[in-house]
Each structure stands twice: as C-alpha cells, then as structure tokens.
Amino acid sequence: EKADYEELRTEAIAQIELAYKMGIEPTNIDNHMGSLHHIPELLLELCERYNLPLRYPKQLPPELARLGDPTQHEEIINQAERKGILLPDFIKMLPFFPSDYPEDGQASRYELVKKAAENLIRGLEPGITELVSHPSLATYELKAITDTWEIRQYEFDLFRDEEFKKLLDEEGIKLMHWRDLRDQQRK
C-alpha cells in the first residue's frame, strides 16, 4: 500500500512486455491475491493498454463484500464496462487448507474435496465463473514447499475423475480458458 504508483505501473508494464518478448501471450490481468486491489485504476489501465480482461468478479463473494467499499466495486465494474474490459461474473474458490477437510473416519480426504467441489458446481449461477483451484502433482518439491500439497494433488485428481466430469456435463457446465474470454474481448 505504500509503494509508489508510478513504480508499480513501470514494474507491471515491464513484466507484461517481458512476457511478450519471451513469446508468452498474456490472457488476462491478475493482481495475485489482491496485491493491487487498492489501485484499480492501474489494473484497468493495463487491461485497456493490452486489450485483456480483468480477473475481478462482477459479483463479490459475501466474505469479500463485507470488507470492501461497495461504491468502489461498482465503479470498477462500470469503468470496465465503459472501456470494453470483460470480467467474470463470479470467482469461487475450493477450500484450500487441509484443516478445511477434517477427516471424520467416514470419508477419505479426497472424498471430502470431491464433495466440496460437487456442492460448489451444483450451486453455480448462470454466467462466467472462475473456479480457483491449485491442481498439482505431489512431487518431492511440492511437499517441501507447502503443507497444502495433499489438497493440490486431490484437486488434480478431481478433474480427471470420471464422476466429476459427468457432473459437469449434467450441470451444463462449459469449460473455458481465460484465452477464450480474451479473444471474445478482442472481437
């Protein structure tokens, strides 16, 4: 919050330009874990400059809506709309920490992760929803850097689970990439 605006802007542009020079085609602007939410004008400027959608939900989850300023949220949405910047309607997140899935002897932790994901999918509203998850393989390196490795492995397994794939189909869920939203914005 105490960083200089122009320094943040210069750094963000440098990172995006480096990605382009490396042959990486960015799909959206994201300020990881809300690191730049306090300066939405920079996020919107970057989206406009590079013609990219913004990873910012039109509908704030209740737990975040209580923390923020609803007027600022509305203004971000309105500015994005005026500038032709696309946003997802919702951002939902699977529980992330092992403590979110206490084993109860009845179900394995994988079954608890799967059940949480199924409940989330069944509760989706119409629109574009980003489902935040951290699918990863439980390698030695992952185990060394985070205690969330087990949940990450289960999230990887989840999207390969035939029953879960069937649920997505039954619920009429159409999977898409940020690339799809970016391409739609650029049209």
Side-chain angles (χ1 to χ4, degrees), residues 12 15-16 19 22-37 43 47 52-68 73 86-185:
Q15 288 184 24
I16 295 167
M22 295 174 67
I24 298 169
E25 180 71 26
T27 58
N28 63 294
I29 297 294
D30 173 22
N31 70 117
H32 189 71
M33 297 180 69
S35 59
L36 299 176
H37 271 349
L43 298 171
C47 289
L52 295 170
L54 178 60
R55 184 178 180 257
Y56 184 86
K58 292 177 186 174
Q59 302 294 320
L60 282 177
E63 61 274 10
L64 294 180
R66 288 191 304 266
L67 302 174
H73 174 74
L86 297 183
L87 310 168
D89 296 296
F90 308 94
I91 295 180
K92 304 285 184 178
M93 184 169 180
L94 288 173
F96 185 63
F97 298 100
S99 60
D100 293 330
Y101 300 103
E103 295 186 69
D104 63 4
Q106 303 284 30
S108 72
R109 190 165 276 149
Y110 172 72
E111 290 169 333
L112 296 172
V113 170
K114 184 176 174 180
K115 187 69 172 167
E118 289 172 348
N119 290 340
L120 192 147
I121 293 298
R122 286 190 178 99
L124 289 179
E125 298 177 54
I128 296 174
T129 300
E130 176 189 353
L131 173 59
V132 178
S133 65
H134 301 82
S136 307
L137 292 174
T139 62
Y140 292 115
E141 291 84 1
L142 187 67
K143 290 177 182 181
I145 63 169
T146 180
D147 63 353
T148 63
W149 64 267
E150 181 185 33
I151 304 304
R152 291 171 184 247
Q153 175 67 56
Y154 293 151
E155 289 180 354
F156 179 85
D157 296 339
L158 179 68
F159 289 97
R160 299 166 49 112
D161 186 308
E162 291 303 320
E163 289 178 10
F164 191 73
K165 289 180 188 178
K166 184 178 176 190
L167 172 66
L168 294 174
D169 189 48
E170 289 170 355
E171 292 292 320
I173 306 296
K174 293 177 178 52
L175 300 179
M176 62 185 291
H177 299 271
W178 274 104
R179 183 180 309 107
D180 300 323
L181 199 58
R182 179 202 62 200
D183 294 349
Q184 182 180 344
Q185 176 172 311

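Quick note: numbers below take in every heavy atom, side chains included, and nothing from hydrogens, waters or symmetry partners. Along the sequence shown, residues carry numbers from 1.
The existence of a salt bridge linking Glu130 and Arg55 is confirmed by a sub-4.0 Å separation between a basic side-chain nitrogen and an acidic carboxylate oxygen.
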**Item:** Chi angles and distances behind the side chain to side chain contact (heavy atoms under 4.5 Å, CB included) call for Leu120, Leu94
**Value:** CA-CA 8 Å; Leu120 192 147; Leu94 288 173; 4.2 Å; yes
**Request:** Applying side chain to side chain contact (heavy atoms under 4.5 Å, CB included), run through Ile151 and His134 and close with a yes or a no.
**Result:** CA-CA 8 Å; Ile151 304 304; His134 301 82; over 6 Å; no
**Asked** Should Phe164 and Ile121 be marked as a side chain to side chain contact (heavy atoms under 4.5 Å, CB included) after you check the CA-CA gap, both sets of side-chain angles, and the distance that decides it?
**Response** CA-CA 10 Å; Phe164 191 73; Ile121 293 298; 3.8 Å; yes
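In this structure, Phe156 has no ring pair (Phe, Tyr, Trp, His ring centres under 6.0 Å) partners at least two apart in sequence or on a different chain.
The CG atom of Leu175 lies 10.5 Å from the NZ atom of Lys165; values are rounded to the nearest 0.5 Å. Note that CG of Leu158 is 8.0 Å distant from OG of Ser133, once rounded to the nearest 0.5 Å. Between Lys143 atom NZ and Trp149 atom CH2 the span is 4.5 Å, to the nearest 0.5 Å.
Put simply, the side chain of Gln153 gets close to the backbone of Ala138: a donor and an acceptor are under 3.5 Å apart. With hydrogens and angles disregarded, no donor-acceptor distance shorter than 3.5 Å links the side chain of Asp89 to the backbone of Gly127.
Counting heavy atoms from C-beta outward, Tyr110 and Glu150 have side chains that stay 4.5 Å or more apart. Within the 4.5 Å cutoff, the side chain of Ile29 has no heavy atoms near those of the Pro53 side chain. Leu131 has its side chain within reach of Phe159: a pair of non-hydrogen atoms, C-beta onward, lies under 4.5 Å apart. By the 4.5 Å heavy-atom criterion applied to side chains, Ile91 and Val132 are counted as neighbours. Side chains of Tyr56 and Leu43 form no contact here, defined as non-hydrogen atoms less than 4.5 Å apart. The shortest distance between side-chain heavy atoms of Leu60 and Lys58 does not fall below 4.5 Å. In this structure, Met176 and Ile128 have side chains that are in contact, with non-hydrogen atoms separated by less than 4.5 Å. Side-chain atoms of Leu124 and Ile173, non-hydrogen and from C-beta on, do get closer than 4.5 Å to each other.
Looking at every heavy atom in both residues, Tyr101 comes nearest to Pro95 through OH-O, 3.0 Å. Closest of all the heavy-atom pairs between Leu54 and Pro88 is O-CD, 3.3 Å.
Residue pairs meeting the side chain to side chain donor-acceptor pair (under 3.5 Å) criterion with at least one member in residues 112-127, sequence neighbours excluded, are Lys114-Asp161, Lys114-Glu163. Note on residues 169-185: pairs passing side chain to side chain donor-acceptor pair (under 3.5 Å), not counting sequence neighbours, are Asn51-Gln185.
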